[in-house]
Amino acid sequence: QVQLVESGGARVQPGGSLRLSCKGSGLTLEYYAIGWFRQAPGKEREGIACISSSDDSTYYADSVQGRFTISRDRAKNMMYLQMNSLKPDDTAVYYCAASVAAEYFPGAWWRSDNYGNWGRGAQVTVSS
């Protein structure tokens, strides 16, 4: 059974940092492009970061560029999202997702329909 499980969500003060983790089971994550998405209350799901399977190229939404870093640990079958300089606007449920097929890079990486397996999400709240 394919499963992605996020962890590391928490409440943090503005300016703080968090690292989200995404563990894969039933799926070898290194063969897939992995995206991180988030959804704030009343807003659409937003693609914020992606890492390719071929060469670990990374891509970011303007809203997180320079503050967030996506990475993978192939040996542990884990993905990470390091989030620094957090703002209240970063408050959302964060999801990791694997591309619809192995060795496939979704050109429009920010579109959720390019991903076939999703985690259940981790809540991140940025508030003083």
Side chains of M79 and I51: does their closest heavy-atom pair fall under 4.5 Å? yes

Please check if atom CZ in R120 has more than 12 non-hydrogen atoms from other residues, nucleotides or ligands closer than 6.0 Å. no

Under a 3.5 Å distance rule, please check whether E6 uses its side chain to pair with a backbone N or O of G121 as donor and acceptor. yes

Is there a donor-acceptor pair closer than 3.5 Å between any side-chain N or O of R38 and the backbone N or O of Y95? no

Count I, L, V, M, F, W, Y as connected when their side-chain heavy atoms are under 4.5 Å apart, and connections chain through other members. Are V5 and M78 then in the same cluster? no

Is there a donor-acceptor pair closer than 3.5 Å between any side-chain N or O of S52 and the backbone N or O of A33? no

Quick one: are P88 and S127 in side-chain contact, heavy atoms under 4.5 Å? no

Evaluate side chain to side chain contact (heavy atoms under 4.5 Å, CB included) for D113 paired with Y115, printing each intermediate quantity in order. CA-CA 5 Å; D113 57 0; Y115 298 84; over 6 Å; no

For D73, side-chain hydrogen bond (donor to acceptor under 3.5 Å, both in side chains) partners two or more places apart: none

Any sub-3.5 Å donor-acceptor pair from S99's side-chain atoms to Y32's backbone N or O? no

Check the pair M83, V12 against side chain to side chain contact (heavy atoms under 4.5 Å, CB included), reporting the backbone distance first and the verdict last. CA-CA 11 Å; M83 304 185 294; V12 63; over 6 Å; no

Can a donor-acceptor pair be found between the side chains of R19 and Y80 at a distance below 3.5 Å? no

Heavy-atom count check: over 12 atoms from other residues, nucleotides or ligands less than 6.0 Å from D62 CG? no

Hydrophobic cluster identity match, V2 and I34, side-chain contacts under 4.5 Å: yes

The test is side chain to side chain contact (heavy atoms under 4.5 Å, CB included); show your working for V126 and Q13 and say whether it passes. CA-CA 5 Å; V126 184; Q13 291 190 340; over 6 Å; no

For residues 36-81, the disulfide bond (SG atoms under 2.5 Å apart) pairs (sequence neighbours left out) are none

Sub-4.5 Å side-chain heavy-atom contact between D90 and R67: yes

Do S54 and E103 have side-chain atoms, one donor and one acceptor, less than 3.5 Å apart? no

Determine the minimum heavy-atom distance between A61 and G47, stating which atoms define it. CB-O, 3.6 Å

Salt bridge check: are D56 and R74 linked by an N-O gap of less than 4.0 Å? yes

Out of W36, F105, W110, which one pairs with Y59 under the ring-ring contact (aromatic ring centres under 6.0 Å, His included) rule? F105

Report yes or no: does Y31 contribute a side-chain atom to a donor-acceptor pair with the main-chain N or O of A101 at less than 3.5 Å? no

Can you see which heavy atom on S17 is nearest to which on S85, and at what distance? OG-N, 4.3 Å

Do side-chain atoms of R111 reach the backbone of G107 as a donor and acceptor pair under 3.5 angstrom? no

Is any side-chain heavy atom of E46 closer than 4.5 Å to a side-chain heavy atom of S63? yes

Count I, L, V, M, F, W, Y as connected when their side-chain heavy atoms are under 4.5 Å apart, and connections chain through other members. Are F37 and V93 then in the same cluster? yes

Search all heavy atoms of V124 against all heavy atoms of G9 and return the closest pair with its distance. CG2-CA, 4.2 Å

Determine whether a donor-acceptor pair (N or O, by modelled atom type, separation under 3.5 Å) exists between the side chain of N77 and the backbone of T28. no

Can L20 be reached from W109 by stepping across I, L, V, M, F, W or Y side chains whose heavy atoms are under 4.5 Å apart? no

Could you tell me which residues satisfy ring-ring contact (aromatic ring centres under 6.0 Å, His included) with F68, sequence neighbours excluded, listed by chain and number? none

Side chain of E44, backbone of Q39: donor and acceptor closer than 3.5 Å? no

Please test C96 against W118 for side chain to side chain contact (heavy atoms under 4.5 Å, CB included), starting from the C-alpha separation and ending with a verdict. CA-CA 6 Å; C96 63; W118 292 78; over 6 Å; no

Among V64, L18, I70, T69, which residue satisfies the side-chain contact (heavy atoms from CB on, under 4.5 Å) criterion with L81? I70

